[in-house]
Amino acid sequence: MTAQIDADGWSWWPAPAKLNLFLHITGRRADGYHELQTVFRLLDWGDRIGLRLRDDGQVRRQGEGLAGVAEADDLAVRAARLLQSAANIVQGADIVVEKRVPAGGGFGGGSSDAATVLVVLNRLWQAGLDEDALAALGLRLGADVPVFVRGHNAWAEGVGERLQPVALPPAWYVIVEPGVHVPTPALFADPDLTRDCPQAKIGDFASGALVGNVFEPVLRRREPAVEAVLAALSSIGQARLTGSGSGCFVEFDSQAAAEQGRAELPKELRARVAAGVARSPLLDALEQH
């Protein structure tokens, strides 16, 4: 996937979605944050970010933006302003976020948008920050941002920021978003949430022993729509939840099998097929820019 540059000075960049192939909580830190273990899988499906440089130092969001999100709270805008401040940049930027990834589904759309803005503006502004510095900035915006900055499938620990790249086999996913959004703090506060999963190792995941998501039973109980989607997906394979929900998916080892699975689902679920990728499409776009 390449970056697209138009005659008006806009360049367009991918912001890929992700899946959590499993998600455990192993404890709680003194600062109140939870210790996680998960595997992030990047997809060939995601948002698209438009960027155009400005000479007046302003960072402005163009277009409608995400419904209900003020410009100052938009993660893409916050990412640009954070980079601008950290690297003492005098230039500005116009930003457009073309949303394709539903908010609140556990697909990491907002975090990926922020990561794309950080990585691309670092290049366009010639800010000179390395990957570690950009990932550290990203962590200030959200726990999922660093994996998108680094652009590789990863085993993650901590709050999701301690990343170890992992090689994953080719896979295709049937994905359904039930259309409900439970705020993440409410889920973390749920008394039924399992917070003491035993520490696992990458080898446990490689053996196929790790597939559960601690948020799944909580969301099944709280949200009938999630329960219904997981039940429907179970008819075509092992149904799973991504992130803290509410997005659900089934993994297949071929595109043909995934398409066949999607065809067997009720049309009202609006299922899609997305491919897992070996690395972020953003890295490919940067190389070809």
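All values below were derived from every heavy atom in this structure, side-chain atoms included, with hydrogens, water molecules and symmetry-related copies excluded.
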Do the side chains of [X] and [Y] get close enough for a salt bridge, i.e. N-O under 4.0 angstrom?
{"X": "D47", "Y": "R100", "value": "no"}
{"X": "E216", "Y": "R240", "value": "no"}
{"X": "D132", "Y": "R150", "value": "yes"}

- L282 vs W13, side chain to side chain contact (heavy atoms under 4.5 Å, CB included): CA-CA, chis, key distance, verdict: CA-CA 7 Å; L282 176 61; W13 305 86; 4.1 Å; yes
- Minimal non-hydrogen separation, A135 against P146, with atom names: O-CG, 3.6 Å
- Query: Of the non-hydrogen atoms in G160 and A156, which two are nearest, and what is the gap between them?
  - Reply: O-CB, 3.8 Å
- Task: Test I95 against D74 for side chain to side chain contact (heavy atoms under 4.5 Å, CB included), laying out the working first.
- Result: CA-CA 10 Å; I95 302 172; D74 190 306; over 6 Å; no
- Query: Does L19 belong to the same Ile/Leu/Val/Met/Phe/Trp/Tyr cluster as I25, with side-chain heavy atoms less than 4.5 Å apart forming each link?
  - Reply: no
- Using the side chain to side chain donor-acceptor pair (under 3.5 Å) rule, collect all pairs that involve residues 108-119, keeping only residues at least two apart or in two chains. K99-D113
- Message: Between W45 and F107, is the ring centroid distance below 6.0 Å?
- Response: yes
Just by distance, do the side chain of [X] and the backbone of [Y] share a donor-acceptor pair under 3.5 Å?
{"X": "E71", "Y": "R61", "result": "yes"}
{"X": "D253", "Y": "A171", "result": "no"}
{"X": "N20", "Y": "F22", "result": "no"}
{"X": "W125", "Y": "G92", "result": "yes"}
{"X": "D44", "Y": "A275", "result": "yes"}
{"X": "E268", "Y": "P266", "result": "no"}
{"X": "R52", "Y": "G50", "result": "no"}
{"X": "K18", "Y": "G106", "result": "yes"}
{"X": "N213", "Y": "L241", "result": "yes"}

Restricting to salt bridge (charged side-chain N to carboxylate O under 4.0 Å, His left out), what partner residues turn up for [X], sequence neighbours left out?
{"X": "E264", "result": "none"}
{"X": "E287", "result": "R279"}
{"X": "D56", "result": "R54"}

- E251 and Q238 side chains, donor-acceptor separation under 3.5 Å: no
- Item | Co-members of the apolar cluster containing V273 [side chain, <4.5 Å] | W172, V174, V176, V229, L233, I236, V250, F252, L265, L269
Under 3.5 Å, side-chain donor or acceptor atoms of residues 177-190 against the rest of the protein: list the pairs with distances, not counting sequence neighbours.
| residue | atom | partner | partner atom | Å |
| --- | --- | --- | --- | --- |
| E177 | OE1 | G179 | N | 2.6 |
| E177 | OE2 | S246 | OG | 2.5 |
| T184 | OG1 | S244 | OG | 3.2 |
| D190 | OD1 | D192 | N | 2.8 |
| D190 | OD1 | R221 | NH2 | 2.8 |
| D190 | OD2 | R221 | NH2 | 2.6 |
| D190 | OD2 | R222 | NH1 | 3.3 |

- Item | Spacing of CG belonging to L139 relative to CG belonging to L141, to within rounding of 0.5 Å | 9.0 Å
